[in-house]
Amino acid sequence: VQLQASGGGLVPTGGSLRLSCAASGQTFERYVLGWFRRAPEKEREFVAAINWSDGSLYADSVKGRFTISRDNVKNMVYLQMDSLKSEDTAVYYCVAERARYFGVESNEYSNWGQGTQVTVSS
């Protein structure tokens with residue numbers, strides 16, 4: 001499984017950004033796809049995940065501001081981030097795992113992309 005994240009950048013507080021992740025190497029219809037992030041000097045944390053039937057789960061810190069979606073034909077997963085705050089600044093990683101249930105711990109995902117930097121300026 002290969003995951004390639006893109007779309008990070010510098011955005012002002014209150015702005016929006018859309019992350020994309022291209023998945024390859026498998027048929028991903030039975031995979032949970034998701035995003036984690038690591039802020040400077042902090043532990044890696046769960047952001048959002050989506051299963052093959054478009055069920056989704058969000059961290060409380062991003063609920064109502066971020067939207068995860070997937071395209072099973074293109075093998076893509078997206079993270080639309082709105083109303084960005086300075087505390088959203090982090091490296092964002094896309095993840096994938098063949099599973100029936102959502103995982104919120106990093107050790108529940110065995111496939112990781114390389115990360116894309118998101119910086120929200122105040």
Side-chain angles (χ1 to χ4, degrees):
V1 175
Q2 291 82 44
L3 300 170
Q4 182 72 38
S6 61
L10 176 65
V11 62
T13 300
S16 297
L17 210 56
R18 188 195 195 205
L19 305 183
S20 300
C21 179
S24 61
Q26 290 286 344
T27 301
F28 289 93
E29 288 183 354
R30 298 291 176 174
Y31 274 67
V32 171
L33 304 176
W35 295 90
F36 278 72
R37 67 186 181 186
R38 174 174 275 167
E41 301 181 357
K42 291 189 176 181
E43 296 292 321
R44 194 160 41 184
E45 66 173 353
F46 171 79
V47 176
I50 186 168
N51 64 15
W52 62 278
S53 59
D54 287 339
S56 59
L57 181 69
Y58 295 90
D60 287 344
S61 59
V62 306
K63 200 173 296 183
R65 300 187 298 120
F66 290 11
T67 304
I68 190 170
S69 62
R70 65 189 287 169
D71 184 329
N72 287 333
V73 174
K74 296 181 179 178
N75 285 342
M76 297 288 294
V77 60
Y78 306 98
L79 187 68
Q80 177 66 40
M81 304 185 294
D82 299 317
S83 303
L84 282 162
K85 306 175 181 179
S86 57
E87 51 263 45
D88 294 318
T89 294
V91 177
Y92 284 71
Y93 300 89
C94 59
V95 296
E97 187 65 31
R98 184 179 173 88
R100 296 179 62 187
Y101 303 102
F102 293 114
V104 297
E105 301 295 335
S106 58
N107 60 11
E108 296 180 274
Y109 293 88
S110 55
N111 302 292
W112 290 73
Q114 85 289 0
T116 184
Q117 175 71 47
V118 172
T119 303
V120 184
S121 62
S122 57

Atom pair [atom1]/[atom2] of [X] and [Y] - distance to nearest 0.5 Å:
X: Ser20; Y: Gln4; atom1: OG; atom2: CD; value: 11.0 Å
X: Arg70; Y: Ser56; atom1: CZ; atom2: OG; value: 11.5 Å
X: Phe66; Y: Ser83; atom1: CZ; atom2: OG; value: 9.0 Å
X: Ser16; Y: Met81; atom1: OG; atom2: CE; value: 9.0 Å
X: Leu19; Y: Gln80; atom1: CG; atom2: CD; value: 9.0 Å
X: Ile50; Y: Leu57; atom1: CD1; atom2: CG; value: 11.0 Å

Please say yes or no: joined through hydrophobic side-chain contacts below 4.5 Å, possibly via intermediate residues, are [X] and [Y] part of one cluster?
X: Val118; Y: Val47; result: yes
X: Val32; Y: Phe36; result: yes
X: Tyr92; Y: Val77; result: yes

> How about Phe46 and Phe102: are their ring centroids closer than 6.0 Å?
Replying inline: no
Within the structure provided, determine whether [X] and [Y] are in side-chain contact (heavy-atom separation under 4.5 Å).
X: Val120; Y: Glu87; result: no
X: Asn111; Y: Leu3; result: yes
X: Trp52; Y: Leu33; result: no
X: Tyr78; Y: Asp71; result: yes

[X] to [Y] - nearest heavy-atom pair and separation:
X: Tyr31; Y: Gln26; result: OH-CG, 3.7 Å
X: Gly103; Y: Tyr109; result: O-OH, 2.8 Å
X: Leu79; Y: Trp35; result: CB-NE1, 3.6 Å
X: Thr116; Y: Ala5; result: CG2-CB, 4.2 Å
X: Ser122; Y: Thr13; result: CA-OG1, 3.4 Å

>> Tyr58 vs Thr67, test: side chain to side chain contact (heavy atoms under 4.5 Å, CB included). Steps then yes/no.
In response: CA-CA 8 Å; Tyr58 295 90; Thr67 304; 3.8 Å; yes
>> Show, in sequence, the C-alpha distance, side-chain angles and deciding distance for Glu45 and Arg37, and conclude whether the side chain to side chain contact (heavy atoms under 4.5 Å, CB included) test is met.
In response: CA-CA 5 Å; Glu45 66 173 353; Arg37 67 186 181 186; 2.6 Å; yes
> Salt bridge check: are Lys85 and Asp88 linked by an N-O gap of less than 4.0 Å?
Replying inline: no
>> Does the Lys NZ or Arg CZ of Arg38 fall within the cation-pi geometry relative to Tyr93 - under 6.0 Å from the ring centre and within 45° of the axis?
In response: no
